[in-house]
Amino acid sequence: MPTAILTGQPVPGSSIEGDLRSLGFDVRTAADTTEAETLLAAVPGDQRVAVVDARFVGHPHALRLGLTDPRFPLAAVPGAVTAQPAGRQALTRAVAREHSAGGGTTLLDNLADRVVTALGADGCAVHRPELGSLVATVPTDPQTRNEARQAVAAVDDEAVRLKSAVKSRDGFFTTHFISPYSRYIARWCARRGLTPNQVTTASLLTALIAAGSAATGTRGGYVVAGVLLLCSFVLDCVDGQIARYALQYSTLGAWLDATFDRAKEYAYYAGLALGAARSGDDVWALALGAMILQTCRHVVDFSFTEANHDATANTSPTAALSDKLDSVGWTVWVRRMIVLPIGERWAMIAVLTAATTPRITFYALLVGCAFAATYTTAGRVLRSLTRRATRTDRAAGALADLADNGPIATFVARVNPARLGAPFLIALAGTAVLAVSLFSGVTWAPVAGAFVYAVAAGQALSRPLKGALDWLIPPLFRAAEYCTVLVLAAKAEVNGALPAAFGLVAAVAYHHYDTVYRIRGNAGASPAWLVRAIGGHEGRTLLVTVLAAALTASQFTVALTVLAVAVALLVLVESIRFWVSAGAPAVHDEGEPA
């Protein structure tokens with residue numbers, strides 16, 4: 001149980017002790033700094049501890065935000081400071097300093113706030129949540145205390161808490177058609193002890209049932225599938241809202257939230273393809289194309305964000321225009337809708353599934369995602385070409401990790417580090433050679449094209465990726481590898497080739513998503529042994545082209561299936577091991593909807 005140490009002169013009628021107990025704290029009272037230091041030392045090192053001024057006046061949710069958020073080692077609001085095990089040593093040092101300053105006999109005024117100042121002087125990062133209209137203060141006289149209590153009474157604590165459960169930035173469909181009621185579902189779940197992870201799992205199961213319904217190939221199955229897909233999306237919103245409402249963030253929850261959205265959507269694509277096949281319509285190529293396009297869109301988002309994560313300046317006129325447009329209300333919603341975020345995308349898929357056919361659904365999805373990808377990528381290219389900023393080593397390292405170069409490209413970069421040109425142009429040239437070879441009609445030409453592509457990948461990463469357009473290299477490599485699998489499977493023209501290709505691309509895409517969220521959590525990329533074991537993007541591309549050239553169409557299908565299973569097992573086992581380990585970071589995406 002976490003411990004809260006109340007310091008200072010108790011105030012008659014104060015609710016602070018009861019508020020702390022309602023948040024799960026065991027409350028202790030210290031008469032002076034000596035006793036405060038003693039009580040602090042008595043709290044087990046693996047437990048959270050807080051130092052709170054007994055004169056504190058504020059909303060319970062302000063205390064909750066400041067003292068119970070599991071994502072931050074150190075956090076504070078006016079009059080209160082807390083430390084998790086990772087921040088205990090820093091808090092102990094700060095309290096000891098204040099103890100020495102006071103001579104160890106009397107408790108200093110505003111000890112909690114003074115400790116926060118001391119932590120800042122030590123260079124410790126102390127999280128201070130945005131309280132908005134919530135009150136958190138330490139009155140020093142009866143008049144200001146009365147004013148503070150009136151300010152607390154004027155603001156509905158629960159209404160603010162419920163509102164803050166919703167993402168501050170979300171899509172139009174989610175904001176206006178889901179969040180108005182999903183927040184109440186989240187509160188209902190939280191009050192009954194349901195966790196975000198349980199709701200996330202329920203969302204996944206609902207989506208899988210939806211995919212199964214779509215796989216029946218009947219009109220009734222399609223209608224049920226569309227309804228269940230929307231229900232799955234509602235639950236997907238609810239799990240994050242529970243986490244924000246109850247501050248129930250966790251490492252495992254981060255992993256589930258980061259990966260299940262993609263698993264649900266791509267499983268649904270497979271269900272639609274299976275349903276269409278029952279009606280005699282083969283849309284596996286469309287399903288795989290939709291997955292490739294959507295994954296490449298995400299990689300564009302991730303790469304651009306990482307490339308500019310810690311840029312020292314941004315003087316792009318394109319960015320200035322974008323900020324100006326965001327100041328006009330209606331343009332914000334239009335721009336959020338045309339990028340087809342997850343809410344709009346799933347709503348479109350659900351309606352088209354129920355009302356039309358899988359082929360029409362995939363056509364609409366491909367057109368919509370292609371337009372969205374063109375719009376966002378073009379804007380980011382313009383920003384990159386017109387901005388004046390210095391890209392850091394951290395950003396260049398993140399792009400190199402996202403590139404996913406394997407042993408072949410690494411060997412090329414090591415033995416021939418000569419700079420043949422800009423990294424992006426080298427990568428683009430290698431990808432172009434690969435693309436031409438795939439459609440040459442010559443059996444072994446794709447192998448030669450893949451070899452050139454592998455060499456180009458090594459040359460592209462032989463120096464830091466700090467160029468204006470180098471963030472395009474990871475999505476370019478993703479498109480090259482995935483499309484190679486799609487084209488060769490389609491050319492095999494045997495049953496099972498495209499479904500096997502779908503499975504292989506899904507397994508590799510999971511590996512790439514996993515890498516992204518590790519980087520976002522500042523935990524580095526996937527381990528080098530895993531990248532070597534699964535060959536890197538250039539190794540897998542070369543292997544697939546060799547298999548297509550050397551084997552019959554039926555044998556190639558079997559080989560793709562085996563490769564898909566092997567990659568999936570390796571990346572899933574390592575991913576699960578990482579994300580459930582104690583040291584894995586808690587990553588929660590509060591940014592642009594995917």
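- When only modelled atom types and interatomic distance are considered, T174 and S179 share no side-chain donor-acceptor pair under 3.5 Å.
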- Message: Before you tell me yes or no, could you show the steps for I519 and D401 under side-chain contact (heavy atoms from CB on, under 4.5 Å), namely the whole-Å CA-CA distance, both residues' side-chain angles and the distance that decides it to 0.1 Å?
- Response: CA-CA 8 Å; I519 293 173; D401 290 334; 3.8 Å; yes
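- I185 CD1 to I242 CD1: the interatomic distance, rounded to the nearest 0.5 Å, is 9.5 Å.
- Relative ring orientation between F172 and H176 is described as tilted, the plane-to-plane angle lying within the 30° to 60° band.
- At distances below 3.5 Å, at least one donor-acceptor pair connects side-chain atoms of R219 with backbone N or O atoms of A354.
- Side-chain N or O atoms of S232 include none that pairs as donor or acceptor with a backbone N or O of L228 at under 3.5 Å.
- Between I473 and F477, some side-chain heavy-atom pair lies under the 4.5 Å cut-off.
- At distances below 3.5 Å, not a single donor-acceptor pair connects side-chain atoms of R183 with backbone N or O atoms of V166.
- For the residue pair S554/T552, the side-chain donor-acceptor check at 3.5 Å is not satisfied.
- Using a 4.5 Å heavy-atom threshold, the side chains of I178 and L230 count as separate.
- Between H511 and I534 there is a side-chain heavy-atom pair separated by less than 4.5 Å.
- With S462 contributing its side chain and Q459 its backbone, the two residues share a donor-acceptor pair below 3.5 Å.
- Ion pairing between a basic and an acidic side chain is recognised when a charged N comes within 4.0 Å of a carboxylate O; E265 and R345 show such pairing.
- In this model, a donor atom of one side chain and an acceptor atom of the other lie less than 3.5 Å apart for W579 and D514.
- Annotation: Y266 is not in aromatic contact with F502 [ring centroid separation under 6.0 Å not met].
- The backbone N or O of F304 sits less than 3.5 Å from a side-chain atom of N308, completing a donor-acceptor pair.
- Between the side chains of Q241 and S182, at least one donor N or O lies within less than 3.5 Å of an accepting N or O.
- The distance from the CG atom of L461 to the CG atom of D470 is 8.5 Å, given to the nearest 0.5 Å.
- A cation-pi contact, defined as under 6.0 Å to the ring centre and within 45° of the axis, is absent between R262 and Y510.
- Between the side chain of Y184 and the main chain of P180, no donor-acceptor pair closer than 3.5 Å is present.
- For the pair T295 (side chain) and I292 (backbone), a donor-acceptor distance under 3.5 Å is absent.
- Here the side chains of L488 and V544 are in contact, with some heavy-atom distance below 4.5 Å.
- Checked options D236, L208, T259; the residue passing with K264 is D236 (criterion: side chain to side chain contact (heavy atoms under 4.5 Å, CB included)).
- Side-chain contact check for T484 and T541: no donor-acceptor pair (N or O, by modelled atom type) lies under 3.5 Å.
- When side chains are defined from C-beta on, W471 counts as touching S384, because their heavy atoms get closer than 4.5 Å.
- The local environment of CG in D281 is crowded, with over 12 non-hydrogen atoms from other residues, nucleotides or ligands closer than 6.0 Å.
- Under the 3.5 Å distance criterion, the side-chain polar atoms of T206 are left unmatched by any main-chain donor or acceptor of C231.
- Contact check on E306 versus R518 returns no salt bridge, with no Lys/Arg side-chain nitrogen under 4.0 Å from an Asp/Glu carboxylate oxygen.
- Between R336 and D170 there is no salt bridge, since none of the side-chain N atoms of the basic residue sits less than 4.0 Å from a carboxylate O of the acidic one.
- With values rounded to the nearest 0.5 angstrom, L486 atom CG is found 9.5 Å from M291 atom CE.
- Within the 4.5 Å cutoff, the side chain of V447 has heavy atoms near those of the W444 side chain.
- Two residues are said to be in side-chain contact when any heavy atoms from C-beta on lie closer than 4.5 Å; L472 and L469 meet this criterion.
- The SG atom of C483 lies 12.0 Å from the CZ atom of R478; values are rounded to the nearest 0.5 Å.
- The closest donor-acceptor contact from the side chain of E538 to the backbone of I408 lies under 3.5 Å.
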- Message: Please determine whether side-chain contact (heavy atoms from CB on, under 4.5 Å) holds for the pair Y268 and L272, giving the CA-CA distance in whole Å, both sets of side-chain angles, and the decisive distance to 0.1 Å.
- Response: CA-CA 6 Å; Y268 192 83; L272 283 176; 3.7 Å; yes
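- A cation-pi contact links R520 to Y517, judged by a cut-off of 6.0 Å to the six-membered ring centre and 45° from its axis.
- For the 3.5 Å distance criterion, the side chains of Y482 and H537 fail to qualify, holding no donor opposite an acceptor.
- Between H512 and S526, every side-chain heavy-atom pair lies at or beyond the 4.5 Å cut-off.
- Comment: R540 engages D404 in a salt bridge, judged by a side-chain N to carboxylate O separation of less than 4.0 angstrom.
- How far CG of L205 is from CD1 of I209: 6.5 Å, rounded to the nearest 0.5 Å.
- In this structure, T216 contributes its side chain and G212 its backbone to no donor-acceptor pair below 3.5 Å.
- Taking the six-membered ring where tryptophan is involved, the planes of F173 and F233 are tilted, since the angle between them lies from 30° to 60°.
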